[in-house]
Amino acid sequence: MWGMIATWRMAAEGITAGAELLAAGKNAGDAVETAIRAVEDFPYYRSVGYGGLPNEEMEVELDAAYMDGDTLSIGAVAAIRDFANPISIARRLSCEKVNNLLVAEGAEKFAQKEGFERKNMLTDRAKAHYRKRVKEMTARELKPYSGHDTVGMACLDQDGRMTAATSTSGLFMKKKGRVGDSPISGSGFYADSKRGAASATGLGEDLMKGCISYEIVRLMGEGMSPQDACETAVNRLEAELKERRGEAGDLSVVAMNNRGQWGAATNIEGFSVAVVTQSLEPTVYLVKRGKDGHCTCEEASAQWMEDYMRTRMAPVEE
Ligand code: ASP
């Protein structure tokens, strides 16, 4: 069995490319890196890689991580600027014995030395979004923190090796130097080939409070299905946050176990996931949470898919 699950519709083309490698017997490391790179390179996805939305100072600072579930090796970069594919830098760092998580200038220096492709990641379109948001904020006091989405993936290859990976520009209008959950092991991602892999998206500050990806893998290790583990982790963390703090941010997760079974859960409207397995063509599902706290995954309609691309690619009206 092999398979991949990813957060958000934007990962559909990426997992399709990754699936070709998995079907051909390639490893989960190459598959997940290929899949995430496809999302990073697409300029119309405004929360990952090229075209990602900038921080308060109009700079695109990117976070990414990679984990190998066989060796438990982790590599990650945070607040890195001007490199085309943060995921590849993160994966490269996972091969080091120490210095596995590098931030800002340190990460850039490493990437430069290792010959990774430099690129100005701030597009004209992202600048237009920035100017629009600044205007909206003064006009309507919009909170700067709406507008995000991380691509996060869990992957299983034919040899039973699992990986997890993330890539994101983090929260739009974040403070310079702000780091979310995505490059933090156990929060934005976790992979253990003996159990499963998971990844998260949403408000990093809250996802980190529950180390949610590790928690999902832990629950799968205790025998829960990926779906039950995802729902349990989201519902418990949400309840704890509400009890202790009065509110909970967006929490959305995906997971796959080492048999290729998968699950997804969320506490918001509009969470989508992209899934492919040996027995399932690449498919986009919309995750809906019912009143009983259970989540169901409904295949996205052709109309939904069309509307999605149209809105992503529509001109930015300033
Ligand atoms: N979790 C990301 C962060 O806080 C953002 C997102 O997934 O939407 O940086």
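In what follows, residues are counted from 1 in the order of the sequence shown. As the structure is a computational prediction, the values presented were derived from the model and not from experiment.
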Return the set of residues passing ring-ring contact (aromatic ring centres under 6.0 Å, His included) with [X] (not counting sequence neighbours), or none when no residue passes.
X: Tyr130; value: none
X: Tyr190; value: Tyr214
X: Tyr308; value: Trp304
X: Tyr285; value: Trp262

Intermediate values then yes/no, side chain to side chain contact (heavy atoms under 4.5 Å, CB included), Phe83 and Gln112: CA-CA 9 Å; Phe83 280 90; Gln112 172 82 13; 4.0 Å; yes
Would the distance check show the side chain of [X] and the main-chain N or O of [Y] forming a donor-acceptor pair, the cut-off being under 3.5 Å?
X: Ser169; Y: Gly52; result: no
X: Asp250; Y: Gly202; result: no
X: Asn85; Y: Ile87; result: no
X: Thr277; Y: Gly260; result: no

State which residues pass salt bridge (charged side-chain N to carboxylate O under 4.0 Å, His left out) with [X]; sequence neighbours excluded, sorted by chain then number.
X: Glu238; answer: Lys242, Arg289
X: Asp159; answer: none
X: Glu298; answer: Lys288
X: Glu231; answer: none

Electrostatic pair [X]:[Y] at N-O distance under 4.0 angstrom:
X: Glu136; Y: Arg133; result: yes
X: Glu59; Y: Arg81; result: yes
X: Lys209; Y: Glu205; result: no
X: Asp68; Y: Arg161; result: yes

Run the numbers on Thr283 and Glu299 for side chain to side chain donor-acceptor pair (under 3.5 Å), then give the verdict. CA-CA 7 Å; Thr283 308; Glu299 190 173 341; 5.1 Å; no
For side chain to side chain donor-acceptor pair (under 3.5 Å), just list the numbers for Ser252 and Thr266, CA-CA rounded to whole Å, side-chain angles, deciding distance to a tenth of an Å, and then say yes or no. CA-CA 4 Å; Ser252 301; Thr266 187; 2.7 Å; yes
Set of residues satisfying side chain to side chain donor-acceptor pair (under 3.5 Å) with respect to [X], sequence neighbours excluded:
X: Ser213; answer: none
X: Ser182; answer: Thr150
X: Glu105; answer: none
X: Lys119; answer: none

Sole residue of Met256, Arg259, Gln261 in side-chain contact (heavy atoms from CB on, under 4.5 Å) with Pro226: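 In the set Met256, Arg259, Gln261, the residue that makes a side-chain contact (heavy atoms from CB on, under 4.5 Å) with Pro226 is Gln261.
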Kindly determine whether Arg236 and Glu240 satisfy salt bridge (Lys or Arg N to Asp or Glu O under 4.0 Å), including the steps that lead there. CA-CA 6 Å; Arg236 279 188 192 160; Glu240 289 294 336; over 6 Å; no
Just checking Arg245: does its CZ atom have more than 12 heavy atoms from other residues, nucleotides or ligands closer to it than 6.0 angstrom?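 No, the 6.0 Å shell around CZ holds no more than 12 heavy atoms from other groups.
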